[in-house]
Asks: 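Can you read through this structure? Questions will come right after.
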Amino acid sequence: MSERKWLAAGLVALSALTLAACGNSKSSNSGASKPKVSLPATYSGSGKATSAGNNSTLKVAEVNDAPFAGISSPTLQTNAEDADVFSPGGGSTLFNVTKNYKIVDGGLANLRLNRKAKTATITLRKNAKWSNGMKVTAKDIEYPYEMIGNKHTDSQQYSSDYAAIKGMAAYHAGKAKTISGITYPDGQKGRTAVIHYTKMSPSMQYLGSSFIWSTVEPYEYYGKTPISKLAASPKVRKKPIFTGAYKLDKIVQGESTSWSPNKYYLGKKPQIKHITIQVVSMNNIVAAFKSKKYDFAAGQQNASLPSSQYPKVKALKDYTEVGGPAMNYSYFGFNLGKMNTKTGLNEMNPHAKMANKNLRKAMMYATNVDAVTKKFGGGLSWRANTLIPPLFKNVYDSKAAGFPYNMKKAKSLLNKAGYKKHGKWRTDPNGKKLTIHFGVMQSSSAAEASYQYYVQQWHKLGLNVQFTTGKPMEMNSFYSIIQKPQQNKIDVWLGAWSTSSEPTPTQIYGADAPYNYGHFATKKNTQLLNSLNNNKAWNAKYRAQQFKKWQRYMNSQAGYAPEQFGTSWTPVNSRVKGYSVTPQGSNEFWSNLSLTAANPK
């Protein structure tokens with residue numbers, strides 16, 4: 001992954017019949033727990049691939065309860081569902097990586113870092129082409145930076161880390177028409193782009209850093225389309241081109257994509273002649289696998305089937321469950337202010353409804369996530385204790401407590417903060433009526449039962465929490481609200497992030513991050529985020545210490561609060577060979593696949 005994206009929340013699915021049993025459970029005050037189920041990261045069905053199999057159609061399910069938005073550009077995408085349905089195109093990824101996502105030679109381009117000169121040199125392979133036969137150029141390397149930094153862009157990837165590129169701050173502010181710090185030694189139509197920085201970061205060594213964008217964009221193909229109109233343009237929505245193993249044959253907007261081999265691909269020749277990826281709801285996915293409609297679910301390292309479905313899926317014949325630690329996590333977010341569209345900075349409002357951190361922390365201590373995941377997580381999900389997934393074991397703080405269930409502490413926090421009960425509900429510290437609006441997305445019936453449970457727990461706390469619109473919302477409608485620079489319809493929400501393969505969270509929680517939907521912005525947060533990639537951070541021990549300080553600080557503030565970690569997983573049909581979710585060879589995920597039969601067995 002080369003960027004942060006939001007996911008439809010619902011990593012855990014619950015049984016509505018036994019929710020009441022969760023209320024009295026006690027949680028451990030220790031730090032991290034672990035999943036109870038361990039899955040293989042690879043699978044290859046028995047027997048040899050056949051021509052009948054490879055000439056057939058690989059059938060992939062995109063498990064989601066809403067249509068995908070249909071944005072093919074990795075720079076403009078904001079949700080993981082779009083990344084999934086366009087993934088056979090390769091995401092236009094530039095670099096090859098090791099098992100730890102460290103960039104190595106052998107991808108579409110090679111990277112050379114020069115700490116002394118403060119440069120990153122990206123050189124494309126000879127004969128690199130787009131799926132329509134156009135040459136991939138140095139300008140295609142640079143153009144995503146324009147798309148990210150443009151003042152009128154739909155991209156949400158910008159953060160202060162990109163301002164380390166010389167000239168980016170001026171371009172982002174609209175004071176310059178180009179980014180002066182990106183140069184072309186052999187011209188814009190050549191193979192090399194050099195990025196000049198004011199500082200170098202240790203994260204630059206890894207795929208998905210917030211300093212080096214990891215994909216290309218077809219500048220010449222987009223023509224004279226203004227960046228502000230690219231996301232809605234036909235060349236992004238209807239006829240996109242790619243650098244990966246497959247080219248797009250057909251798109252049914254919001255429903256499916258169809259693919260065939262890209263003859264211009266420089267990597268391993270794809271073996272399967274046809275691929276379809278189709279949206280399937282969470283409530284229908286088990287029945288779909290049972291009737292052999294699909295070979296596996298899309299998402300690879302972030303495949304997000306509801307964990308409660310695991311026992312049912314495991315019982316299916318002719319499928320093997322494959323997966324590993326997820327790059328995603330779910331979280332509670334709080335509306336604390338606004339994005340100032342003039343300055344491009346998030347600003348906290350000290351008078352916001354959710355401004356009191358003791359109110360936020362009390363709500364989190366009242367949610368018994370440990371009991372929820374224990375009863376209904378299928379052994380694949382568990383209470384999250386920080387905002388960094390444990391997959392990043394070098395920087396993850398396993399000792400942080402997070403918010404273990406403690407209703408007594410929750411009530412005490414509210415009492416001390418002045419949220420007193422007047423009848424059934426508590427008022428705010430000024431004695432005014434308090435109604436908190438909770439925003440959630442439509443999901444499986446089981447996952448939606450979890451939303452009801454959280455509301456039930458907050459009612460026990462004496463807080464009048466109601467669903468925004470009175471019920472779970474369609475995913476795109478939900479995000480259309482919280483993505484606004486300022487909104488007052490959602491006070492607290494449950495969301496999920498699909499993270500980059502490099503854990504720096506500046507693009508999500510930075511003061512100038514568009515993804516910072518709750519507008520949490522403090523000097524301390526900015527200082528800690530900056531420390532993750534300063535000059536001292538080249539020392540791995542120091543960097544890990546700073547990451548852990550940031551995680552504990554975020555828990556102390558509860559501007560965002562972790563809900564669940566999970567396992568990415570999918571059943572894989574027995575006719576599939578070469579399935580793998582390991583980082584090494586991830587560029588060849590689709591071309592490594594082959595089939596032993598014409599239809600799922």
Side-chain angles (χ1 to χ4, degrees), residues 19-20 22-30 330-337 348-372 383-387 400-440 450-468 482 488-495 517-522 524-525 551-564:
L19 282 175
C22 293
N24 297 319
S25 300
K26 292 183 179 180
S27 297
S28 168
N29 282 307
S30 60
S330 57
Y331 70 95
F332 290 96
F334 294 90
N335 184 16
L336 303 176
M348 295 176 71
N349 176 4
H351 304 295
K353 187 187 298 183
M354 310 308 294
N356 192 310
K357 71 177 181 180
N358 286 323
L359 169 62
R360 305 193 297 265
K361 292 169 80 169
M363 291 181 71
M364 293 302 94
Y365 283 119
T367 56
N368 195 344
V369 179
D370 276 310
V372 167
R383 179 177 65 84
N385 62 325
T386 84
L387 296 171
F403 296 93
Y405 176 61
N406 191 328
M407 185 64 82
K408 183 178 180 181
K409 184 173 184 177
K411 291 179 178 179
S412 176
L413 284 168
L414 289 184
N415 290 337
K416 290 179 180 178
Y419 292 87
K420 298 178 180 180
K421 262 196 170 185
H422 290 272
K424 185 177 182 180
W425 306 121
R426 294 177 186 266
T427 59
D428 72 14
N430 295 318
K432 294 181 179 180
K433 180 181 177 181
L434 177 65
T435 303
I436 297 171
H437 297 104
F438 183 35
V440 291
S450 71
Y451 309 154
Q452 296 283 357
Y453 169 68
Y454 290 138
V455 171
Q456 170 189 306
Q457 289 299 99
W458 291 328
H459 286 180
K460 288 182 180 179
L461 189 57
L463 293 174
N464 184 10
V465 180
Q466 306 293 334
F467 288 116
T468 299
I482 65 169
N488 59 8
K489 293 182 178 180
I490 297 176
D491 300 312
V492 56
W493 71 89
L494 188 58
Y517 300 139
H519 315 295
F520 178 77
T522 65
K524 181 70 172 179
N525 183 44
Q551 290 167 76
R552 296 192 179 198
Y553 172 72
M554 292 299 279
N555 281 351
S556 75
Q557 300 301 302
Y560 293 93
E563 191 220 10
Q564 294 177 44

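Residues: numbered from 1 along the sequence shown. Note that the coordinates shown come from a computational prediction; the quantities given were computed from them, not determined experimentally.
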Asks: Taking all non-hydrogen atoms of both residues, which atom of Gly495 and which atom of Trp493 are closest, and how far apart?
Replies: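 Heavy atoms of Gly495 and Trp493 come nearest at N-CD1, 3.8 Å.
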
Asks: Determine, stepwise, if the pair Arg383 / Val372 fulfils side-chain contact (heavy atoms from CB on, under 4.5 Å).
Replies: CA-CA 9 Å; Arg383 179 177 65 84; Val372 167; over 6 Å; no

Asks: What's the separation between atom OH in Tyr517 and atom CD1 in Ile490, rounded to the nearest 0.5 Å?
Replies: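 If I round to the nearest 0.5 Å, the distance is 11.5 Å.
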
Asks: When you measure from the side chain of Thr468 to the backbone of Lys489, do you find a donor-acceptor pair of N or O atoms at a distance under 3.5 Å?
Replies: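 It does hold such a pair.
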
Asks: Has Arg426 got a side-chain atom pairing as donor or acceptor with Tyr419's backbone, closer than 3.5 angstrom?
Replies: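 Answer holds: yes.
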
Asks: What class does the angle between the rings of Phe520 and Tyr553 fall in, given that below 30° is parallel, 30 to 60° is tilted and above 60° is perpendicular?
Replies: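 Tilted, since the angle between the ring planes falls between 30° and 60°.
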
Asks: Where do Ala401 and Pro404 come nearest, in terms of heavy atoms and distance?
Replies: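 The pair with the smallest heavy-atom distance is O-CD, 3.5 Å.
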
Asks: Taking side chain as C-beta onward, heavy atoms only, is Lys411 less than 4.5 Å from Leu461?
Replies: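 Lys411 vs Leu461: side chains touch.
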
Asks: Is the side chain of Lys433 donor-acceptor paired with the backbone N or O of Trp425 at a distance under 3.5 Å, no angle test?
Replies: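 No, the answer is negative, given that no donor and acceptor are paired below the 3.5 Å cut-off.
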
Asks: First locate atom CG of Leu434, then atom CG of Asp428, and finally report the distance between them rounded to the nearest 0.5 Å.
Replies: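 One finds 6.0 Å between CG of Leu434 and CG of Asp428.
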
Asks: Please report the C-alpha distance between Trp458 and Ile436 in whole Å, then the side-chain angles of each, then the deciding distance to 0.1 Å, and finally whether the side-chain contact (heavy atoms from CB on, under 4.5 Å) criterion is met.
Replies: CA-CA 10 Å; Trp458 291 328; Ile436 297 171; over 6 Å; no

Asks: Ignoring hydrogens, what is the shortest heavy-atom contact between Asn555 and Ala400? Give both atom names and the distance.
Replies: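 It is ND2-CB, 4.1 Å.
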
Asks: Please name the pair of heavy atoms, one in Asn358 and one in Ala417, separated by the smallest distance, quoted to 0.1 Å.
Replies: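 What the structure gives for the nearest pair is CB-CB, 4.1 Å.
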
Asks: Quick one: pull up NZ in Lys420 and OG1 in Thr427 and give me the separation to the nearest 0.5 Å.
Replies: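 Result: 8.5 Å between the selected atoms.
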
Asks: What pair of heavy atoms forms the shortest contact from Val455 to Phe467, and how long is it?
Replies: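 Looks like CG2-CZ, 3.7 Å.
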
Asks: Please name the pair of heavy atoms, one in Tyr454 and one in Thr367, separated by the smallest distance, quoted to 0.1 Å.
Replies: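 Minimum heavy-atom separation between Tyr454 and Thr367: CD2-CG2, 3.5 Å.
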
Asks: Are the side chain of Tyr560 and the backbone N or O of Gly518 linked by a donor-acceptor pair below 3.5 Å?
Replies: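 The answer is yes, because a donor-acceptor pair under 3.5 Å joins these two groups.
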
Asks: Do Val465 and Phe438 come close enough that some side-chain heavy atom pair is under 4.5 Å?
Replies: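 Result yes, sub-4.5 Å side-chain heavy-atom pair found.
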
Asks: Would you call Glu563 and Val369 a side-chain contact if the rule is heavy atoms closer than 4.5 Å?
Replies: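 Side chain of Glu563 against side chain of Val369, heavy atoms only: contact under 4.5 Å found.
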
Asks: When rounded to the nearest 0.5 angstrom, what is the spacing between CG in Asn349 and CE in Met354?
Replies: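 Taking CG in Asn349 and CE in Met354, the distance rounds to 13.0 Å.
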
Asks: Are Phe334 and Met363 side-chain neighbours, meaning at least one heavy-atom pair lies under 4.5 Å?
Replies: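 Yes, at least one pair of side-chain atoms sits under 4.5 Å.
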
Asks: So do the side chains of Lys361 and Lys409 get within less than 4.5 Å of each other, counting heavy atoms only?
Replies: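 A side-chain contact under 4.5 Å is absent here.
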
Asks: Using atom types as modelled and distance alone, determine if a side-chain donor or acceptor of His519 lies under 3.5 Å from a backbone N or O of Asn335.
Replies: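 No; judged by distance alone, with no hydrogens or angles, the pair does not exist.
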
Asks: Could you go step by step and tell me if Lys357 and Arg360 meet the side-chain contact (heavy atoms from CB on, under 4.5 Å) rule?
Replies: CA-CA 5 Å; Lys357 71 177 181 180; Arg360 305 193 297 265; 3.3 Å; yes

Asks: What is the distance from atom CD of Gln452 to atom CD of Gln456, rounded to the nearest 0.5 Å?
Replies: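 The CD atom of Gln456 is 9.0 Å from CD of Gln452, to the nearest 0.5 Å.
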
Asks: Got a second to check how far Met364's CE is from Gln457's CD, nearest 0.5 Å?
Replies: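 So the CE of Met364 and the CD of Gln457 are separated by 11.5 Å.
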
